[in-house]
Structure formats: C-alpha cells, structure tokens
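Quick notes on the structure that follows.
In what follows, chains are A, B, ... by sequence order, proteins preceding strands, each numbered from 1. Note: hydrogens, waters and symmetry copies are ignored here, and every other heavy atom, side chains too, is used.
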Amino acid sequence: MNLFKIYTGRLRGFLRQMMNDGRLPAGLDLSRAVVQPPRDEAHAEMSSNAAMVLAKPAGRKPREIAGMLKEALAGEPQVRDLEVAGPGFLNWNLGPEVWLEALRPILRQGTAYGASDMGAGIPVNVEYVSANPTGPLTVGHARGAVIGDALAGLLEKAGYDVTREYYINDAGNQVDTLARSTYLRYREALGLDEARIPEGFYPGEYLKDVGQALAARDGKRWLEEPESVWLAPLRTFAIEEIMGWIKNDLAKLGIRQNVFSSERSLVEAGAVDEVLQVLEQRDLIYVGTLDPPKGKQPEDWEPRPQTLFRATRFGDDIDRPLKKSDGSWTYFANDMAYHLDKYRRGFRRQIDVWGADHGGYVKRMRSAVTALSDGEAALEVKICQLVKLTRGGQPLRMSKRAGTFVALRDLIDEVGGDAVRFIMLTRKNDAPLNFDLDKALEQSRDNPVFYVQYAHARAMSVIRHAGEGFAGVSTDPPALDGVALESLTDSDELSLIRLLVRWPRVVESSAEAAEPHRIAFYLYDVAARFHGLWTRGKDETELRFLQPGAPEVTAARLVLVKATATVVASGLQIFGVQPVEELR
RNA sequence: GUCCCCGUAGCUCAGCUGGAUAGAGCGACAGCCUCCUAAGCUGUAGGUCACAGGUUCGAAUCCUGUCGGGGACGCCA
C-alpha cells in the first residue's frame with residue numbers, strides 16, 4: 001500500500017493506452033515516468049514528471065503530453081485540483097478522505113507498516129564490523145557496525161533475505177603478534193616479568209586481562225614451553241577471549257550477526273586453492289613483476305616476480321599480488337576466498353561495510369567478485385568515514401599508540417547504546433561524523449535521538465491519558481480502526497498524515513540507495529511535525545488531541561497519534577533502537 | 001604521480017538518483033507556559049550550491065578541468 005506507487009501505475013496505464021491508440025508513439029520507455037510528492041508541498045499533494053520525461057522520446061511538447069494526461073486523470077474519482085504547472089509538471093490533490101483512509105493500514109499493520117516486497121526475497125549478504133580480533137572495538141568500528149546493521153535492517157524491511165555477517169581475521173601476522181603479546185602478559189600475570197612491552201608487540205593494557213584469564217585457566221603450563229608449542233593455543237585463546245568482548249559490545253548496541261566466518265578455517269579448508277583454480281581456468285592469474293608504487297616509496301622495495309591476479313581486466317588500476325615473499329597468501333588472496341565462499345553460499349548480491357582506510361581496496365575486491373563469479377555476483381562497498389569525538393565542541397584525542405583511544409564500551413557506558421546508534425546514522429556513511437558526547441546526552445532538539453524519542457513518548461503519553469480519563473474512547477487498535485476520521489481537517493494534521501503515508505516510499509528509496517541515514521532524517525521530520533502540532537494545541541485548545549466532551553474528535557486524533565508513534569517505532573526498529581514509552 | 005571520497009547559510013548538515021522559489025538545526029534577533037511533558041513551539045535575518053567550462057527543455061545533482069580538505073597506493077589487515 002503505497003499511494004504514490006498506485007498512482008504511478010495508473011498513470012503508466014494511461015500512457016500505454018495513448019501509445020496503443022496512437023496518441024503517443026509506441027515503445028516509449030515509461031520507467032522514468034513517476035508520481036512523487038513534489039519537492040515543495042505547497043505545489044500539490046501529488047505530482048508527475050511524466051510529460052517532461054517523455055517529451056523528447058515522443059517528439060512532443062511537455063505541456064501537450066501533460067494536457068493529455070490531465071484529461072485522462074480527470075476521470076479518476078479521487079483526483080482533484082488537476083493542473084499543469086511549471087515546465088510540464090502535472091499536479092493534483094486527492095480528496096482528504098483518501099489520506100485519512102491511508103491511516104488505517106498503519107494501525108492495522110503496526111510496526112510492520114512500511115515493509116515492502118521490493119527485494120522479492122533475494123538473498124543479500126551484508127558484512128560489517130569484521131574488526132581484527134586483536135583488541136576491543138573502538139568508536140571507529142562502531143560506525144561501520146551501526147551502518148552495516150541498519151542497512152541490513154533496512155534491506156530486510158524492503159523485502160530482501162538478509163544475512164548479517166562478520167569476517168574474523170584470525171589468520172596472518174597480526175594474530176601471531178597477538179599471541180606473543182598475550183604470552184608476555186601471561187608471564188606478567190604469573191608474576192614473572194616486569195611488563196615492559198618491546199617494539200613489535202601490542203602494548204594495550206587490555207591484554208593484561210587476557211594474560212590473567214589464561215593464567216587462571218592453564219596455570220604454569222606454557223611457561224617452559226617453546227613458542228612453537230604455545231603459539232597456536234594462545235592465539236586461539238586470545239582470539240576467543242577478544243571476540244567475546246567484541247560480541248558483547250555489539251550486543252550492547254543491539255547488533256547480533258548471524259554468521260561469523262573465520263579466515264583461518266577458510267584457508268585451512270583449502271578455499272584459496274579453489275580461488276587459484278577458478279582464476280587459472282579463466283586465465284586470470286600469471287607471474288609478473290609490478291612497478292614500484294609511486295609517491296611514498298617503501299625503503300626495502302625490490303622488483304620481484306609475483307603471482308598476480310589480472311584485476312586490471314575488471315577496472316582496477318594494477319594487477320594484484322596473491323602471495324607474500326614468504327610464500328604465504330596475501331590478505332587479498334584470503335579475502336578472495338572468502339568472497340568466493342559467499343558467492344557459493346548463494347549470494348549474488350554482497351555488501352561490505354569498510355572503514356575509510358580501506359578505500360584503496362575497493363576496486364580490487366569488486367574486480368575479484370566479478371571475476372570469481374564470472375559476472376554473476378556483484379559487490380557493493382560502503383566506506384565509512386572517520387568519527388571525530390568531541391566533548392562540548394573540544395576534540396578528544398584518539399591515539400591507539402598512546403593507549404588513549406576511546407573504546408566503544410566506554411562510549412556506550414557514557415551515552416547509551418541507542419544514542420550511539422542513532423547519532424552514527426545521522427550522517428551519510430561517506431561523510432565524516434562529529435560525535436559530541438555532551439550533545440548525545442543533551443535533551444534538546446539538537447540531539448536527534450532525544451528529539452525523536454520524545455515524539456514517541458509524547459504520543460504514548462497522550463494515549464495513556466486517553467485510556468485513563470475518556471469515557472467512550474478506546475485506545476485499542478481494533479477499536480480505533482472503526483473510528484470516523486473526517487474530523488481531522490487542520491492543515492497541520494493533514495500534513496502530518498501525508499508525511500506518515502510516505503513512510504513506505506522512504507523505506508524503498510533508502511533501501512534502493514542503500515542509505516540508512518535517510519531514515520534518521522525522515523524520523524526527525526516526523527518528530528518535528530508532531531511536536532509542532534502538539535505545541536499549537538497550547539494556544540489553540542481546540543487543536544489538542546484529547547477533547548473532553550467530544551469522543552469522536554478525540555478518537556480520530558488518537559488514530560493520528562497512534563499512527564505517528566507506530567511509524568516512529570517502525571523506523572527505530574530498522575535501527576535496532578527501542579522506542580521509549582516515557583522520558584525520565 | 002595515480003586512484004577514491006568530500007566542498008551547499010557564520011557553524012553542523014539535508015537535498016528523495018536531473019525538476020518548480022535550494023531546506024533544517026545551532027548561533028543571532030523577536031515572541032509563546034493557569035492548559036495533553038516549554039526537555040517544546042512560532043517568526044525574522046542569513047546563499048554566486050568551491051571555481052570554470054560542457055551535456056539539456058531544466059544541473060547543487062551528470063561529464064571534463066582547476067583549486068582546497070581527507071583517505072589509499074607490493075610482501076599490514
């Protein structure tokens with residue numbers, strides 16, 4: 001149920017008729033001819049660009065086509081105030097009863113309202129966070145986590161079959177370094193060494209906890225053993241420990257991924273060899289020597305023949321190495337194996353959410369997915385820009401080396417998971433984000449979490465009041481469903497209704513663009529109109545939602561209030577944020 | 001040197017994939033509480049959409065170039 005979709009369909013029906021009876025040339029592409037809310041609500045309630053879009057291919061003047069459409073649409077019983085405007089827009093209004101009736105599905109469907117079948121159950125894999133298991137999550141990771149999870153929720157709402165996935169980078173040098181660093185902390189926990197962490201080890205204090213946990217579990221078991229014995233078990237132990245923290249932090253944000261894929265398991269299962277096979281079959285692999293990188297030149301650069309993937313065939317800038325000089329696979333080779341695995345699990349559409357520092361990696365990975373799937377699968381990459389933490393406008397220094405980086409759990413403890421989630425979604429993923437700790441706690445219009453939650457709480461407050469002191473008015477959805485709505489006539493009421501009715505459209509366009517932040521802005525907009533209406537009731541008491549002595553009016557307004565709360569809750573659900581019943 | 005992202009009001013940012021007179025918040029200024037939560041609301045001021053070309057009925061949006069900011073550039077992940 002999406003009014004704009006319905007009218008787009010009708011309009012295209014008329015256009016097809018015109019093509020059939022020769023008033024328009026046959027074979028026109030109608031896909032760009034749509035019915036939308038106009039940019040400026042003052043113009044009309046509905047608007048179509050059809051005449052302008054079709055003018056050129058039809059060889060007719062926009063206003064001429066618009067005129068024909070106007071005539072056709074004039075026969076629709078609900079359409080009124082039809083007019084051709086500007087360069088060829090066709091504008092019209094619907095009778096208020098159409099908008100009022102559109103409120104009912106909101107109450108009937110509850111937070112399911114806005115769901116779409118656009119995705120048609122197509123499987124989509126969204127991979128996000130995928131932080132190295134070498135330390136706790138930072139604020140930077142949180143952004144990718146939140147964006148990825150909200151995107152997954154959005155696509156689900158839009159009818160896709162979404163899998164939420166985390167790729168554990170538990171292979172390679174970094175986790176070996178983790179194991180060695182853990183060993184030092186383990187000795188420290190047993191009182192053996194002063195904790196002086198040499199160069200080349202992870203200095204983070206958090207590893208003390210891992211060392212102690214290990215000592216508690218295994219006692220002195222590893223003390224006399226050589227590295228070759230303890231490396232693997234300590235690595236496993238540390239990774240499991242830290243993944244536990246990570247999952248815990250994610251849970252506090254309401255994020256639960258369905259699948260955790262282990263890089264090491266994939267490699268050990270021979271997934272990289274399969275990649276090589278596929279590449280060889282398609283002649284996409286060769287041994288060659290790369291030119292040294294321009295600009296910042298590594299000191300130890302020497303030309304060396306390497307095993308290369310022909311990424312340039314798929315739009316990358318250079319071919320990419322698959323093997324390190326010690327003979328082990330590059331991260332890229334492993335990652336190819338992982339994405340091949342996702343493809344073989346049935347995902348033709350894959351989305352990865354990465355940090356800004358991986359921007360240079362996008363082309364090669366997209367190339368890889370195209371190559372490995374022979375063009376059947378496509379990878380989209382959402383790059384998340386940096387988060388700048390401030391407090392009262394003053395930047396907080398974040399340095400991993402100095403150990404003063406802000407751990408995600410500290411941020412959550414200070415401002416709460418919901419605030420973290422919502423604020424991280426108030427910017428597009430590819431724009432930098434300022435996160436002000438004071439703002440996140442502020443209870444003002446400046447703080448979008450609060451502002452949107454307040455709208456929901458206010459709505460619920462009205463419904464509570466109605467339930468307490470209004471004879472003849474029921475607040476149950478089934479009872480509200482039968483209520484007459486004609487008394488909703490104020491222009492601000494109708495304007496709020498039109499905004500609520502746009503919700504399914506917002507879901508679809510946001511999902512199509514893979515931009516969850518649009519939901520945040522929409523919810524803010526809904527909140528603003530609701531607060532506005534509320535406050536008008538201060539002066540104009542006849543506009544208050546609850547009208548003693550007028551049960552019909554009160555009931556109709558309760559439908560609107562309930563619908564507002566429902567749409568807000570439906571949006572927050574996509575974000576994994578709990579709508580609050582009241583503010584404390 | 002190459003590639004990617006960004007540049008919109010004093011500040012922080014939207015702008016529905018090319019539409020009509022470019023919109024919010026903050027800050028500034030002027031107002032609104034006997035009353036469903038003033039934790040809110042209303043109004044005013046503020047713009048060469050970085051710049052220059054191009055594409056077209058129409059450009060903040062698409063293309064090219066320039067300037068400015070950020071990120072990336074074999075054997076880290």
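Within the structure, a side-chain polar atom (N or O) of A:Tyr451 is placed less than 4.0 Å from OP1 or OP2 of B:rC41. An OP1 or OP2 oxygen of B:rC13 is reached within less than 4.0 angstrom by a side-chain nitrogen or oxygen of A:Asn434. Of the side-chain N and O atoms in A:Asn173, one or more sit less than 4.0 angstrom from OP1 or OP2 of B:rC76. Considering only side-chain N and O atoms, A:Ser461 lies under 4.0 angstrom from the phosphate OP1 or OP2 of B:rU37.
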For nucleotides 22-32 of chain B, list the nitrogen or oxygen atoms of the protein found under 3.5 Å from its nitrogen or oxygen atoms, one pair per line.
residue, atom, partner, partner atom, Å
B:rG25, O2', A:Asp446, OD1, 3.2

Discussion item. Under the criterion salt bridge (charged side-chain N to carboxylate O under 4.0 Å, His left out), I'd like the reasoning laid out for A:Asp492 against A:Arg536: C-alpha separation, chi angles, the key distance, then a yes or no.
Written reply: CA-CA 9 Å; A:Asp492 281 352; A:Arg536 274 189 64 202; 2.9 Å; yes

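By the criterion of a centre-to-centre distance under 5.5 Å and near-parallel planes under 30°, the ring of A:Phe89 forms a stack with the base of B:rA20. Centre separation under 5.5 Å together with a plane angle under 30° does not hold for the ring of A:His531 and the six-membered base ring of B:rG40, so they are not marked as stacked.
In this structure, A:Phe530 has its ring center at least 6.0 angstrom away from the ring center of A:His456.
Within the nucleic acid shown, A:Leu546 comes within 4.0 Å of at least one base atom, counting heavy atoms only.
Closest contact between the side chain of A:Pro38 and the listed nucleotides B:rA20, B:rG40, B:rA14 involves B:rA20. Of the candidates B:rC16, B:rA20, B:rU37, the closest approach to any side-chain atom of A:Arg458 belongs to B:rU37. Listed nucleotides: B:rA77, B:rU37, B:rU17. Nearest to the side chain of A:Gln36: B:rU17.
When all heavy atoms of A:Met424 and A:Ile147 are compared, the closest pair comes out as O-CG1, 4.3 Å.
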